[in-house]
Structure formats: C-alpha cells, structure tokens
Amino acid sequence: MISVSASLIEHTFLSILVLYVTLECALTIMQTRAAERACVSVPCGFESKLSLAAVRKAADYTGELAQANLLLTVMGAAFALFMTYGNGLNLLTIFTETLLGPSILSQWVLLSAIVLLMMLIELPFGWWARFRVKERYGYMREPRIHWLKRTLAEALWGWALFMPFTAFFLVLFEYVGQRWWLVAWGLWCIYLIWRWLFARVEGIFWARRSHPFSQPETVEKVRDLLLAHNLVMTDMIVMTRPASWDHSNVVLAGWGRQRRVVVFAHVARLLAEDELLAIVAHEIGHIRHRHAFVRLFIHATLSFACCALAGWGATQDLFFEGFNYSPMLTSHHSGTHAGYVLALALVTFPVLLYPVSPLVNFFSRLLQYDADRYAVHAVGRHAMMRALVRLHRDYSTSLTPSRLYSLFHYRRPHAGMRVASLLNYKDLSPDDVQSTHTVTTSS
C-alpha cells in the first residue's frame, strides 16, 4: 500500500504539470499538421458549403488558434507553479491574515483575490486567443474597444457574483463542520440536476417568446415519430435559442412520456422535413438511452472524488505541505479550513484534473455517436448527415482536426467527425452511394 506523504504529493503534482505542458505542445503540433494535411481537399459531405481556398484558410486559422491556446496553457501552468512552489499562496495568505486575522473573512478575501488575479492575468492572453487571431483572419467583426469593454464587464460581473456566493458557502461550510465537503458535493449535484434535467422542462422557457410550428404535416410526422418510440408529443413550438443553451438544436422538454418539442428558429429555417425528423430522432435517442443520467453519473462521480480529496486535505498538514502551502497559515488554525482548501483547488485542480479530461470527453462523444446511430435506425442515415451539414455554421476552423487534440479539447465530436462516423457506420450499398451523392449536392 502506497503511503501518502508531502513528497509524494509534490512529485505527483509536478509530474502532471510537466505532462500538461509537454502534451499540450505535442497536441498543438498534431492539430496544426492534421489541418495542413486536410487542406488538399474538401471533406466529404461539405463540397457545396466550402471551396478549397476556404479549407486552406481554415487550416491556417486552426494552426494559429491552437498556438494561441497553447500560450494560455503555458501561462496557466506558470501561474499554478508560482502560486504553489513560488510561494504565491503563502504571500497572499500572510497579507490577508495580517489585515483580518485567521478568520472566515480572511479566507473569503483570499479566494476573491485569487479569482481576480486569475482574471487579470488571463485577460491579455485571452484577448490574443479569442480576439486578435480572429481579427487577423477576418472572423471578428466586433470593434476592438467594444470587445474589451464587454469582456472586462462580463469578467467583473462574474467576480461580483462570485463573492457573495463564496461568502455564503464559507459560512455554511463552517456551520456544518468537518463534513463540509459532502455539502459542497451535494450542492454541485443539485446544480447538475437542475442544468441537465430541470432546465429541459421549464428553464429554457423562462421569459422567451415562442409560436406554434407552422407546418401541420411536419407536426403530425414528428408526433408519429415520438409515438413510435413510446413518447407522446403535447405540442410543437419554435423559439430563438437562448445564448446560454448550446447542448442541442431541438429540445424534447418534459418528464416521462409527455414531451414538448421545442425547435429553435435557425433549425426550422434551415432544415427540410426529413432532416428535422432526424434531429428529433437524435434527441429521442438521448432520452431512450438515458444519456442525461449517464452524464450526471460521470460528473457526480468525478466531483465526489474531488470533494472527498478536498475534505481529506483540509485535515492533513501533509496535504498543504505537498503544495508548499504552509500549515502554519492554514491547518494549524481552528475551523474547517475550507477556504484554504478551495484556494488551493482553484490553483491546482485544473492541472490535476488534466489527465481525466480526455476520458470525460470520450464518454461525452460516445453519447453523441450513440444518439446519431439511434437516429439512423429511426429515420435513415443520410437525412441525419444532411442535417449535420446544414446546421454546422463554424467553417473558420478545420473540419478534420486531430482526433487526439479534439479528444482533449472538444466536449463533443466535430460535425465533420460525426459525418465521417455515419459514413463508416455500415458498408455502402448502391442505394447508399446514390444517397451520399445527394448529401453532397443538395445541402
């Protein structure tokens, strides 16, 4: 049995930090080369959407964007190193405790200061990755000063909201005692349940205007499709997609068998009837195979491990020593030490969780591919392919990214990858070949 020590924690963290930076450098090279290799031809299914010149421009942009994101990665790793073994956390804690004493208030100020510092460091490098590169390639139409004002305002508003919530949680954790981490995990699970289950029922309808779907024949076919898969449609409406909703193009809202079909306006405008049925069938696949519960289980399990680690670390001097965070400033004080552990988590957990990210993304991708195949069995493969081609709007980046890079950075498979997966789902018959030709000419 491995004995946990401060030295083991230190070596583990530094090893993952080196892996983080090294692997990101390698992934960036792979992403750039994958885009360059793919720019000799237009991907299958997208011939009517893109020219070869656009594909080459997307390859160049993909490579430069990956390099800009690599800079963000290096800066994040450098910040984590400075805050731990560069004594950044120790200095900030000494400053706050000198002013306010070892109290919940000083822990709250410490957390707020760390988040503000992270925002200020990220802003200039984020500007390069999210604005300057897009501006160079003509993909950014927003004026520079407007972008800076909006981004800074959003960051400051987020920080302003972070502070009262953090104060409430720290007081709650102190009241609960040593089991505070279980409360933290429970609150996070409640948020996940609301986001992935309850939001599909009522959340997306809050203060949003809608109108009934205008084509009765399509409504009846959607109703029949749901009924064939043991679901009952209550009504079918069209609304604009909320800016915060990026999970799907169609929502089957409700509980149990009763479902309200919400078609977002851009989907109703772009898709033909059979393509809309394919997207609805995709969402039926998520419901019938209980993908929301699978996703909830994965994230709840991972978050439980993180919270349990934080709860254990709050009571162990060696946990703080392993990250060069002095126990004299943290665990030697009375209380739960939740604020100190959360400060350490803000700095180190993004690095420690890096090896887990491709595994989470892998399972998320499996759910998408599984729903696509469900749609294939329900309405046919080529209707689904045409729908993916029509709905895909971001042609600025390569349609054929590095699979390993995308596994680390994309929660969902790229549209080009989904089309390729559908093409390889089964051997093409002569009828399938003709249908594939239709995909490329009628989109």
Side-chain angles (χ1 to χ4, degrees), residues 13 17 20 69 71-130 148-174 180-181 183-185 187-188 191-192 195 244 303 306-307 309-311 313-314 319-320 323-326 329-330 333 335-354 357:
F13 177 72
L17 187 69
Y20 179 44
N69 287 328
L71 181 61
L72 276 172
T73 297
V74 173
M75 289 307 303
F79 177 77
L81 191 62
F82 167 75
M83 293 299 287
T84 51
Y85 304 104
N87 290 307
L89 279 174
N90 287 323
L91 293 174
L92 275 177
T93 305
I94 290 172
F95 177 74
T96 57
E97 291 187 356
T98 300
L99 291 178
L100 304 169
S103 61
I104 297 179
L105 181 59
S106 67
Q107 295 178 48
W108 175 68
V109 173
L110 173 66
L111 288 171
S112 301
I114 291 173
V115 172
L116 181 61
L117 185 61
M118 292 170 68
M119 287 166 39
L120 294 177
I121 292 175
E122 195 270 349
L123 185 61
F125 299 99
W127 169 81
W128 182 266
R130 303 186 187 100
L148 288 172
K149 287 181 178 179
R150 177 178 59 80
T151 303
L152 186 59
E154 290 174 353
L156 291 177
W157 271 111
W159 183 61
L161 289 174
F162 171 83
M163 290 194 295
F165 278 106
T166 305
F168 170 77
F169 291 141
L170 287 178
V171 173
L172 176 63
F173 295 158
E174 203 67 27
W180 65 269
W181 62 273
V183 176
W185 178 68
L187 291 172
W188 178 247
Y191 168 76
L192 293 178
R195 188 72 181 92
S244 60
S303 61
C306 293
C307 290
L309 175 62
F319 180 76
F320 293 101
F323 293 105
N324 193 40
Y325 197 8
S326 173
L329 301 172
T330 54
H333 299 317
T336 63
H337 315 129
Y340 301 120
V341 174
L342 292 176
L344 197 54
L346 284 173
V347 173
T348 61
F349 276 24
V351 175
L352 291 173
L353 291 176
Y354 177 72
S357 61

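Values reported hereafter were calculated over all heavy atoms of this structure, with side chains retained and with hydrogens, waters and symmetry mates removed.
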Atom OH of Y325 and atom CG of L92: how far apart are they, to the nearest 0.5 Å? 8.0 Å
Out of F168, W180, W181, Y340, which one pairs with F173 under the ring-ring contact (aromatic ring centres under 6.0 Å, His included) rule? W180
Do L342 and T166 have side chains that approach each other closer than 4.5 Å (heavy atoms only, starting at C-beta)? no
Looking at P350 and A345, what are the two nearest heavy atoms and their distance? CD-O, 3.5 Å
With sequence neighbours left out, what residues match E174 under side-chain hydrogen bond (donor to acceptor under 3.5 Å, both in side chains)? T336
Within the structure provided, determine whether F349 and C306 are in side-chain contact (heavy-atom separation under 4.5 Å). yes
Steps toward ring-ring contact (aromatic ring centres under 6.0 Å, His included) verdict (W159, F162): CA-CA 5 Å; W159 183 61; F162 171 83; 8.5 Å; no
Contact summary for S326 and T330, nearest pair of heavy atoms: O-OG1, 3.0 Å
Please name all residues satisfying side-chain hydrogen bond (donor to acceptor under 3.5 Å, both in side chains) with N90, sequence neighbours left out, ordered by chain then number. N87
Would F95 and L99 count as a side chain to side chain contact (heavy atoms under 4.5 Å, CB included) here? Give the steps. CA-CA 6 Å; F95 177 74; L99 291 178; 3.5 Å; yes
Review item, side-chain donor-acceptor pairs of residues 106-126, under 3.5 Å, at least two apart:
{"from": "S106", "atom 1": "OG", "to": "G101", "atom 2": "O", "distance (Å)": "2.9"}
{"from": "S106", "atom 1": "OG", "to": "S103", "atom 2": "N", "distance (Å)": "3.1"}
{"from": "S106", "atom 1": "OG", "to": "S103", "atom 2": "O", "distance (Å)": "2.7"}
{"from": "Q107", "atom 1": "OE1", "to": "G339", "atom 2": "N", "distance (Å)": "2.8"}
{"from": "W108", "atom 1": "NE1", "to": "M163", "atom 2": "O", "distance (Å)": "2.7"}
{"from": "S112", "atom 1": "OG", "to": "W108", "atom 2": "O", "distance (Å)": "3.0"}
{"from": "E122", "atom 1": "OE2", "to": "R130", "atom 2": "NH1", "distance (Å)": "2.5"}
{"from": "E122", "atom 1": "OE2", "to": "R130", "atom 2": "NH2", "distance (Å)": "2.8"}

Value rounded to 0.5 Å, distance of CE in M83 from CG in L91: 8.5 Å
Can you give me the closest heavy-atom contact between G313 and F320, atom names plus distance? O-CE1, 3.4 Å
Distance-minimising heavy-atom pair for L81 and T84: O-OG1, 3.3 Å
Any side-chain heavy-atom pair from F323 and L89 closer than 4.5 angstrom? no
For the OH atom of Y20 and the OG1 atom of T73, what is their distance to the nearest 0.5 Å? 4.0 Å
At what distance, to the nearest 0.5 angstrom, does OG1 of T151 lie from CH2 of W127? 11.5 Å
